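First the structure, in the form of structure tokens, and then the observations on it.
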Amino acid sequence: MKLKTRIIVSFFIIILEPLLFTGVAFWGFSQYQLKAIEKQYGIENATYESLTNTAEVINSMTSGTIGRLSEAAKESPKDLENIEYLDSVNKELEQVHSYLIVREDDKIRYIGCDPYPSELISRLPDYKDDSSDSSDGFYLGGKIKALVKQIDFETSEQGKGSLFVVSSVFKTLPQIEELIRNMLAAVVIILTITAFGLTWWIYRGVISPLDKLRTATQKIKEGNLDFSIASEGVNEISDLCQDFEAMRQRLKENAEEKLEFDKDNKELISNISHDLKTPITAIKGYVEGIMDGVANTPEKMDRYIHTIYNKANDMDRLINELTFYSKMDTNRIPYTFNKISVTEFFDDCAEELDSELESKSVQFQYSNYVGPGVLVIADAEQIKRVINNIVSNSLKYMDSSRERRINLRVKDVGDFVQVEIEDNGKGIAAKDLPNIFDRFYRTDASRNSSKGGSGIGLSIVKKVMEDHGGKVWATSKENIGTVMYFVLRKYQEVPINE
């Protein structure tokens, strides 16, 4: 649910729910009180008017007593001067929260309540007052709050007199007070439940997710990215949680990449330091030998200079690899793609390899099974780099104590041209084979200086082949040899239908 919708729903709940439940509570309590009035006061089919019209209830409760007093006033008014008779009637009226007052010749002769109601006495009407004609009596407000019925009588001895039946309104009808108390309690409960429910609803949909986002922000501020944020709450906040979680994952990936990058850089510096130290040490040694006159014959001088030249070439190759690695790491490899004849290209490569390997006493065999018209789209210089890196890697791990051999085969495999470079070196262990194309990975953990290499040659091969839309892989058997494979997609012209 959207936040706007939730606010609108909350508005109507605040208004309608208290009204609805208050109405239901009023109906329930009033029905209960009406049943109580019917039972207690003998009113048949009590209505809501019975709760609001106190006179009706009081008339019902006192009608019998009033009738007897009225009859006595007409037929035997002397009874109204009999204290015992008046006490008996007053006790009867006390059951319905009423009492008697008898006045004769403007003097109070009997009062059935204690303390003396001086204010009420002063407000009682005179004999034959118009109010006495009302069958329902008359109401005295203010502090008194009583319904008074007047019965006038006359005796031969005392003269004119009036009998008053005074009924306390709230004591006579306690159901009204109880209804009011119950309704007030019900309203408080309904408003409390409504407020609690809305508070919980809004908290669960808005405040709670925002608290979690604030906690997540604090964790990110502290550098902790190892947590997750569930999408919850209203739609807007749920979307915000999703975006925040995506941001956290991206930040975590960037942090992991940075850690990996820093690790690679440290390893690269370590590798460069190690791999440059060996040829530099050799060059220094041979130069010192020349300076000290150790190379005192033309043959020695030629051998020293040749060795210095080879070590300088090793350093130059290492620097070239590192330069290419820096371009590869920032995706700035300068490719120049062209249509290349497979046969011509690999024939030239084989000729160059044959000369180079022959000088290193390595047997070389070249086989081409691709037709002369097959073309590929590739960067010739980078494909040569791939081949040279693979061959150089093979030479590092070949045993010089036995005959060394490298075979280059080019095959047609449907839509691709597959190149295989096989050697008879010591092979690669099965546990190392999946990792040989990773950066800086070397199977010789000790980094034997005699092997040389920066550990990035095969990672360059993988990167170049991926950028050409091909792939590279290897198979190997220990003490038998290794075969490196890579494939290039053939160039095929698509005919245009006119």
Side-chain angles (χ1 to χ4, degrees), residues 268 272 275 309-310 312-360 362 364 366-368 370-396 406-413 415-423 436-440 452-474 484-492:
L268 176 61
I272 292 172
D275 292 338
Y309 176 77
N310 289 337
N313 282 339
D314 290 342
M315 291 175 63
D316 183 62
R317 185 164 48 250
L318 176 60
I319 291 171
N320 287 338
E321 281 190 357
L322 295 176
T323 302
F324 188 84
Y325 164 77
S326 65
K327 293 179 180 179
M328 180 182 75
D329 200 49
T330 55
N331 292 315
R332 292 188 295 108
I333 301 175
Y335 288 110
T336 304
F337 291 96
N338 294 297
K339 288 188 288 185
I340 298 174
S341 169
V342 173
T343 299
E344 293 179 3
F345 175 77
F346 283 99
D347 285 350
D348 292 341
C349 287
E351 185 176 347
E352 293 178 8
L353 285 174
D354 187 38
S355 300
E356 180 183 351
L357 295 177
E358 184 179 2
S359 64
K360 297 180 180 180
V362 178
F364 176 71
Y366 167 63
S367 303
N368 186 358
V370 177
V374 177
L375 303 175
V376 294
I377 298 293
D379 184 324
E381 181 180 351
Q382 301 303 337
I383 297 301
K384 281 187 178 181
R385 185 188 298 275
V386 167
I387 296 172
N388 289 332
N389 282 6
I390 293 175
V391 171
S392 297
N393 195 72
S394 297
L395 292 174
K396 293 173 191 174
I406 291 180
N407 297 328
L408 172 62
R409 294 185 290 270
V410 184
K411 297 181 178 179
D412 191 331
V413 289
D415 292 336
F416 296 89
V417 172
Q418 179 172 298
V419 180
E420 302 174 2
I421 301 176
E422 180 183 15
D423 66 54
I436 60 174
F437 296 102
D438 295 342
R439 294 184 187 184
F440 310 119
S454 62
I456 61 174
L458 292 184
S459 67
I460 291 175
V461 169
K462 180 181 178 182
K463 174 65 175 175
V464 171
M465 294 314 304
E466 287 175 349
D467 291 346
H468 277 73
K471 62 178 181 177
V472 61
W473 70 98
M484 294 282 182
Y485 304 86
F486 66 87
V487 293
L488 294 169
R489 184 179 292 275
K490 289 181 183 179
Y491 170 76
Q492 297 177 343

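For this chain, numbers begin at 1 and follow the sequence in order. Note that the structure is a prediction, hence the values are computed from the model and not measured.
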| Side-chain touch Leu488/Met465, heavy atoms, less than 4.5 angstrom | yes

| message | With heavy-atom distances below 4.5 Å as the criterion, would you say the side chains of Lys360 and Ile406 are in contact? | response | no

So, taking the atom named [atom1] in [X] and the one named [atom2] in [Y], what distance separates them when rounded to the nearest 0.5 Å?
X: Asn393; Y: Asp423; atom1: CG; atom2: CG; value: 8.5 Å
X: Tyr366; Y: Asn407; atom1: OH; atom2: CG; value: 13.0 Å
X: Asp316; Y: Tyr309; atom1: CG; atom2: OH; value: 9.0 Å
X: Lys411; Y: Asn368; atom1: NZ; atom2: CG; value: 12.0 Å
X: Phe437; Y: Leu458; atom1: CZ; atom2: CG; value: 5.5 Å
X: Ile340; Y: Leu375; atom1: CD1; atom2: CG; value: 9.5 Å

| message | I'd like to check the side-chain contact (heavy atoms from CB on, under 4.5 Å) partners of Phe416; sequence neighbours left out, ordered by chain and number. | response |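 For Phe416, the residues satisfying side-chain contact (heavy atoms from CB on, under 4.5 Å) (neighbours in sequence not counted) are Val413, Val487, Arg489.
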
| task | State which residues pass side-chain contact (heavy atoms from CB on, under 4.5 Å) with Val374; sequence neighbours excluded, sorted by chain then number. | result |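 For Val374 the side-chain contact (heavy atoms from CB on, under 4.5 Å) partners, ignoring immediate neighbours, are Val342, Val370, Asp412, Val417, Lys490.
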
If every non-hydrogen atom of [X] is compared with every non-hydrogen atom of [Y], which pair is closest and at what distance?
X: Ser341; Y: Pro372; result: OG-O, 3.9 Å
X: Arg409; Y: Glu422; result: NH1-OE1, 2.9 Å
X: Thr343; Y: Gly371; result: OG1-O, 3.4 Å

| task | Carefully, step by step, assess Gln418 and Tyr485 under the rule side chain to side chain contact (heavy atoms under 4.5 Å, CB included). | result | CA-CA 7 Å; Gln418 179 172 298; Tyr485 304 86; 3.6 Å; yes

Could you list the donor-acceptor pairs under 3.5 angstrom formed by side chains in residues 380-389, with sequence neighbours left out?
from: Gln382; atom 1: OE1; to: Arg385; atom 2: NE; distance (Å): 3.1
from: Asn388; atom 1: ND2; to: Lys384; atom 2: O; distance (Å): 3.2
from: Asn389; atom 1: ND2; to: Gly457; atom 2: O; distance (Å): 3.2

| field | Between Tyr335 and Asp467: side-chain donor-acceptor atoms closer than 3.5 Å | value | yes

| query | Phe486 and Ile390: side chain to side chain contact (heavy atoms under 4.5 Å, CB included), yes or no, with the steps? | reply | CA-CA 10 Å; Phe486 66 87; Ile390 293 175; 4.1 Å; yes

| said: Glu466 vs Val472, test: side chain to side chain contact (heavy atoms under 4.5 Å, CB included). Steps then yes/no. | reply: CA-CA 8 Å; Glu466 287 175 349; Val472 61; over 6 Å; no

| Other residues, nucleotides, ligands: >12 heavy atoms within 6.0 Å of Glu351 CD |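 Count not over threshold, so no.
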
| Counting distance only, does the side-chain N/O of His468 pair as donor-acceptor with the main-chain N or O of Phe337 below 3.5 Å? | no

